[in-house]
Amino acid sequence: MPAVALPEAYLEHPQNPEHGDYASSFPLKLARASGANPMNIAEDIMRLMTLAPEIDSIVSAPPGFINFTLKSNWLTNQVESIRQAGDAYGNIDLGRGSRVQVEFVSVNPTGPLHVGHGRGAVLGSTLSNVLSASGYKVAKEYYINDAGSQIDAFYHSLYGRYQQCLGIEAEIPADGYLGSYMIDLAKEVITEEGDRFLTLPEGEAVLQLGRLGLDKMIRQIEKDLESLGVSFDVWFSEQSLYQKGQYQTVMSLLRQRGYIAKKEDATWFVSTALGEDKDNVVVRGDGSPTYFAADIAYHYNKFLERQFDRVINIWGADHQGHVSRMKAVVAALGISPERLEVIISQMVTLRRGDDVVRISKRSGDIITLRELVEEVGKDACRFFFLSRSANSQMDFDLELAKKESADNPVYYVQYAHARIASILRLAQERGIDYRDGDVSLVTTAPELILIRKLLLLPELVETVARSLEPHHLTYYAQDLATVFHSFYKECRVISQDEALTKARLKLVEAARIVLAKTLYLMGMTAPEKM
RNA sequence: GUCCCUGUAGCUCAGUGGAUAGAGCGGCUGCCUUCUAAGCAGAAGGUCGUGAGUUCGACUCUCACCAGGGACGCCA
């Protein structure tokens with residue numbers, strides 16, 4: 001054989017089970033470099049290989065694959081390994097304890113969360129679960145935009161509504177928030193605080209009332225997210241970046257490095273120096289910093305002060321254009337830009353059957369996240385949001401999610417768990433102690449197919465952690481439920497055959513562990529009964 | 001005009017450069033005396049947007065076009 005550079009050798013799961021548990025196309029790749037016949041290469045390689053004890057056989061297959069089949073007694077022994085690992089099954093050590101921050105939702109606290117925000121919320125919380133299971137130390141964070149012009153508009157809008165509700169003629173600013181929730185908010189304040197803000201000077205009233213309203217809004221957002229099973233470790237205030245000096249520090253740092261320039265009254269971040277299309281304003285002509293400036297300070301804080309190894313931001317599609325300049329900022333701070341990863345979650349179109357439901361903050365008919373959760377339920381919401389890759393736009397059909405809930409994939413998956421629980425319950429009622437069960441008695445095709453599926457969980461966790469694509473979880477959950485249902489149909493678990501009963505109970509318990517873990521990672525409940 | 005995402009079964013969407021492209025829903029045919037029929041089994045349904053290119057091999061990579069969505073602000 002001629003000496004050539006070795007191509008990368010890796011294993012894959014063949015889609016056709018007749019081709020074994022693992023396959024490698026290494027001979028085909030080597031054939032390209034060496035010019036030799038791939039089948040001959042396969043044979044040569046096989047002759048040189050020493051088989052690991054868990055491998056039953058290897059065969060070559062045209063046009064140049066090597067296929068590996070696992071020993072069935074090794075497979076059945078894995079049932080014991082899964083039972084032993086318990087809740088920890090599926091955990092891996094990819095992250096080796098490194099620190100990763102996941103920042104998500106971070107919606108302006110100027111209005112209630114809508115459906116699209118729910119998608120980012122579920123993505124972020126699920127990803128955080130998977131990264132934790134992958135050996136990372138994860139910090140979940142919500143960045144509160146509590147400074148800037150949008151907040152001013154919110155404050156003045158609330159003051160206007162407050163006056164109106166007290167019978168005083170007042171106007172809502174043209175760029176203000178016109179939604180009816182602002183009226184509700186004003187009324188709530190009146191109920192709790194009365195008309196006392198009317199006696200204050202206008203500037204003071206706007207500020208005090210505004211802060212009160214903002215606080216209520218943030219608490220409402222927190223509650224809405226909680227109902228979706230989403231929580232945060234840190235709620236980070238944009239304001240604090242000005243109060244605690246990060247803004248000043250990072251600006252002088254960038255100025256020192258020559259990334260700051262004055263043009264036409266404003267101060268600019270010179271991102272063109274880093275290959276960007278255009279520069280961006282950080283301080284306006286009137287001296288007020290932009291949102292971009294605050295975000296620069298925020299990322300200075302993330303990387304240089306808090307020293308996260310990785311930072312993952314989940315943003316809506318409307319922030320796509322922000323990605324490359326944020327990476328430019330990170331580079332300007334002397335941080336390798338790969339340490340900042342941004343997931344863009346594409347838009348959600350809400351539908352009721354064939355009708356598209358418009359989502360607009362201006363009009364009155366917005367569907368809030370809370371309404372969605374109330375209508376569809378937490379678990380179904382999470383599953384639907386998770387079942388599409390983040391960079392695909394998705395249709396969320398309320399009618400389907402609600403009316404046909406019996407055919408909903410989420411119930412299909414949860415039903416499998418309830419069935420498992422039911423079997424284990426019966427075993428307990430009958431006092432069957434299966435701890436001495438012999439798993440080697442598990443030999444039929446549906447049983448081995450189930451075991452093979454259970455063994456994919458650690459790989460799945462790794463795939464999701466590497467790709468940051470949690471949607472794979474939903475497909476795995478459905479596959480797992482399918483093979484379990486099939487097993488259930490074919491294999492009677494609790495029967496007259498005591499030894500086989502015990503062996504199968506062990507397998508069922510392992511299946512429960514894996515299905516429950518998958519549901520846990522997705523932030524869903526694993527019901528004992530349905 | 002520039003940048004980003006998407007285009008795969010009737011619908012909604014998966015798919016690591018490899019073997020016969022998959023799932024759910026909808027429609028069709030069967031299956032409940034036994035641990036949950038919210039289930040199982042089966043058949044049907046495809047020019048993988050179009051056209052080139054790279055490769056032993058392309059749904060996957062490159063380029064060009066077409067279509068849908070988003071972004072191009074001293075808003076966030």
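Chain letters run A, B, ... following the sequence lines, proteins first, then strands; residues in each count from 1.
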Enquirer: If only side-chain N and O atoms of A/Ser392 are considered, is one of them under 4.0 Å from the OP1 or OP2 phosphate oxygen of B/A14?
Expert: yes
Enquirer: Roughly how far apart are A/Tyr177 OH and A/Tyr155 OH, rounded to 0.5 Å?
Expert: 12.0 Å
Enquirer: If you check every side-chain atom of A/Lys29, which of B/G18, B/C5, B/C13 has the closest atom?
Expert: B/G18
Enquirer: Once you apply the 3.5 Å cut-off to both distances, tell me the Watson-Crick or G-U wobble partner of B/U2, or none.
Expert: B/A71
Enquirer: Send over the distance from A/Asp479 CG to B/C40 P, rounded to a whole Å.
Expert: 12 Å
Enquirer: So does A/Arg435 pair up with A/Asp433, basic N to acidic O under 4.0 Å?
Expert: yes
Enquirer: Would you tell me if any nitrogen or oxygen in the side chain of A/Arg284 comes within less than 4.0 Å of OP1 or OP2 on B/C75?
Expert: yes
Enquirer: Using a cut-off of 4.0 Å on non-hydrogen atoms, how would the nucleic acid contact of A/Asn391 be classed: base, sugar-phosphate, or nothing?
Expert: sugar-phosphate
Enquirer: For A/Phe65 and B/A19, is the gap between ring centres under 5.5 Å while the planes differ by less than 30°?
Expert: yes
Enquirer: Using the P atoms only, state how far B/U60 lies from B/U55, rounded to an integer number of Å.
Expert: 16 Å
Enquirer: Please work out if A/Met530 contacts a base, only the sugar-phosphate, or nothing of the nucleic acid, heavy-atom cut-off 4.0 Å.
Expert: base
Enquirer: In whole Å, measure the gap between the P atoms of B/A9 and B/C48 for me.
Expert: 10 Å
Enquirer: Angle class for the A/Phe232/A/Trp235 ring planes (parallel below 30°, perpendicular above 60°, tilted otherwise)?
Expert: perpendicular
Enquirer: Applying a 4.0 Å non-hydrogen cut-off, can you work out what A/Ile494 is touching in the nucleic acid: base, sugar-phosphate, or nothing?
Expert: base
Enquirer: Parallel, tilted or perpendicular: which describes the rings of A/Phe269 and A/Tyr259, with under 30° parallel and over 60° perpendicular?
Expert: tilted
Enquirer: When you measure from the side chain of A/Tyr475, which nucleotide among B/U20, B/G69, B/C13 comes out closest?
Expert: B/C13
Enquirer: Taking any heavy-atom pair under 4.0 Å as a contact, classify A/Ala23: base, sugar-phosphate, or nothing.
Expert: base
Enquirer: Please tell me which of the listed nucleotides, B/A19, B/C72, B/U2, lies nearest to the side chain of A/Lys278?
Expert: B/C72
Enquirer: Could you please name the partner base of B/U60, counting Watson-Crick and G-U wobble pairs only when both distances are under 3.5 Å?
Expert: none
Enquirer: Do the side-chain N and O atoms of A/Glu341 and A/Asn313 include a donor-acceptor pair separated by under 3.5 angstrom?
Expert: no
Enquirer: Salt bridge (Lys or Arg N to Asp or Glu O under 4.0 Å) for A/Glu141 and A/Lys302? Distances and angles first, verdict last.
Expert: CA-CA 11 Å; A/Glu141 190 151 316; A/Lys302 291 183 185 199; 5.9 Å; no
Enquirer: Taking only the C1' atom of each, what is the distance from B/U54 to B/A58 in whole angstrom?
Expert: 10 Å
Enquirer: Does A/Thr482 make a side-chain N or O approach to OP1 or OP2 of B/A23 shorter than 4.0 Å?
Expert: no
Enquirer: Phosphate oxygens OP1/OP2 of B/A41: is one of them under 4.0 Å from a side-chain N or O of A/Ser486?
Expert: yes
Enquirer: Please determine, for the side chain of A/Tyr411, which listed nucleotide (B/A38, B/C35, B/G69) has the closest atom?
Expert: B/A38
Enquirer: So does A/Gln15 get a side-chain nitrogen or oxygen closer than 4.0 Å to the phosphate oxygens (OP1/OP2) of B/A19?
Expert: yes
Enquirer: For B/G45 versus B/C66, give the span between their C1' atoms, rounded off to a whole number of Å.
Expert: 26 Å
Enquirer: Mind telling me whether A/Phe385 and A/Phe396 have parallel, tilted or perpendicular rings, with 30° and 60° as the class edges?
Expert: tilted
Enquirer: Mind telling me whether A/Phe487 and A/Phe484 have parallel, tilted or perpendicular rings, with 30° and 60° as the class edges?
Expert: tilted
Enquirer: On RNA chain B, check which nucleotide each of A/Tyr415 and A/Lys263 is closest to and give me the residue with the more 5' one.
Expert: A/Tyr415
Enquirer: With a 4.5 Å cut-off on side-chain heavy atoms, are A/Ile420 and A/Glu509 touching?
Expert: no
Enquirer: Who is the Watson-Crick or G-U wobble partner of B/C65, with both distances under 3.5 Å?
Expert: B/G49
Enquirer: Side chain of A/Pro409, heavy atoms from C-beta onward: which of B/G24, B/A71, B/C40 has the nearest atom to it?
Expert: B/G24
Enquirer: For A/Glu462, answer base if it contacts any base atom (sugar-phosphate contacts may also be present), sugar-phosphate if it contacts only those atoms, and nothing otherwise; contact means non-hydrogen atoms under 4.0 Å.
Expert: nothing
Enquirer: Measure NZ/A/Lys327 against C1'/B/C3 and give the value in whole Å, please.
Expert: 15 Å
Enquirer: Pick the C1' atom in B/A52 and in B/A19, then give their distance to the nearest Å.
Expert: 27 Å
Enquirer: Rounding to an integer number of angstrom, what distance separates B/G39 and B/G49 when you compare their P atoms?
Expert: 32 Å
Enquirer: Within the structure, does a side-chain N or O atom of A/Arg419 lie under 4.0 Å from either OP1 or OP2 of B/A37?
Expert: yes
Enquirer: So which nucleotide from B/G24, B/C13, B/C56 ends up closest to the side chain of A/Leu28?
Expert: B/C56
Enquirer: Heavy atoms only, 4.0 Å cut-off, all strands: where does A/Gln393 land among base, sugar-phosphate and nothing?
Expert: base
Enquirer: Can you tell me the distance, in whole Å, between the CZ atom of A/Arg492 and the C1' atom of B/U33?
Expert: 12 Å
Enquirer: Rounded to the Å, how far apart are A/Arg119 CZ and B/G70 P?
Expert: 15 Å
Enquirer: If we require ring centres under 5.5 Å and near-parallel planes under 30°, does A/His319 stack on B/A71?
Expert: no
Enquirer: Any side-chain N or O of A/Ser149 below 4.0 angstrom from OP1/OP2 of B/A76?
Expert: yes
Enquirer: I want to verify a distance call: between B/C40, B/A19, B/G15, whose nearest atom is closest to the A/Tyr412 side chain?
Expert: B/C40
Enquirer: Can you tell me which nucleotide in B/A38, B/U12, B/C74 comes closest to the side chain of A/Ala266?
Expert: B/C74
Enquirer: Which of these nucleotides, B/U34, B/C40, B/U6, is closest to any side-chain atom of A/His485?
Expert: B/C40
Enquirer: Quick check for you: among B/C35, B/C13, B/C74, whose closest atom lies nearest to any side-chain atom of A/Tyr488?
Expert: B/C35
Enquirer: For A/His19 and B/G18, give me the distance from atom NE2 to atom P, rounded to whole Å.
Expert: 14 Å
Enquirer: In whole angstrom, give the distance that lies between atom CG of A/Leu473 and atom C1' of B/A23.
Expert: 16 Å
Enquirer: Can you check the distance between B/A21 and B/C5, where both ends of the measurement are the P atom (answer in whole Å)?
Expert: 28 Å
Enquirer: Classify the side chain of A/Asn67 and the base of B/A19 as holding, or not holding, a donor-acceptor pair under 3.5 Å.
Expert: yes
Enquirer: Tell me the partner of B/A41, counting only Watson-Crick (N1-N3 plus N6-O4 or O6-N4) or G-U wobble (N1-O2 and O6-N3) with both under 3.5 Å; none if nothing fits.
Expert: B/U29
Enquirer: List the atom of A/Pro289, the atom of A/Arg284, and the distance in Å for their closest heavy-atom pair.
Expert: O-NH1, 3.1 Å
Enquirer: Taking B/G26 as the reference, what is the distance to B/C63 when you measure between their C1' atoms (whole Å, please)?
Expert: 39 Å
Enquirer: Pairing check on B/A14: which nucleotide meets the Watson-Crick or G-U wobble criteria with it, both distances under 3.5 Å?
Expert: none
Enquirer: Would one find a side-chain N or O of A/Arg325 under 4.0 angstrom from OP1 or OP2 of B/C4?
Expert: no
Enquirer: Please classify the glycosidic conformation of B/C32 as syn (within 90° of 0) or anti (everything else).
Expert: syn
Enquirer: Tell me the interatomic distance from A/Gln428, atom CD, to B/C35, atom P, rounded to whole angstroms.
Expert: 19 Å
Enquirer: Could you state the CG-P distance from A/Asn280 to B/C72, rounded to the nearest angstrom?
Expert: 11 Å
Enquirer: Across the strands shown, which category fits A/Ser389 at heavy-atom distances under 4.0 angstrom: base, sugar-phosphate, nothing?
Expert: sugar-phosphate
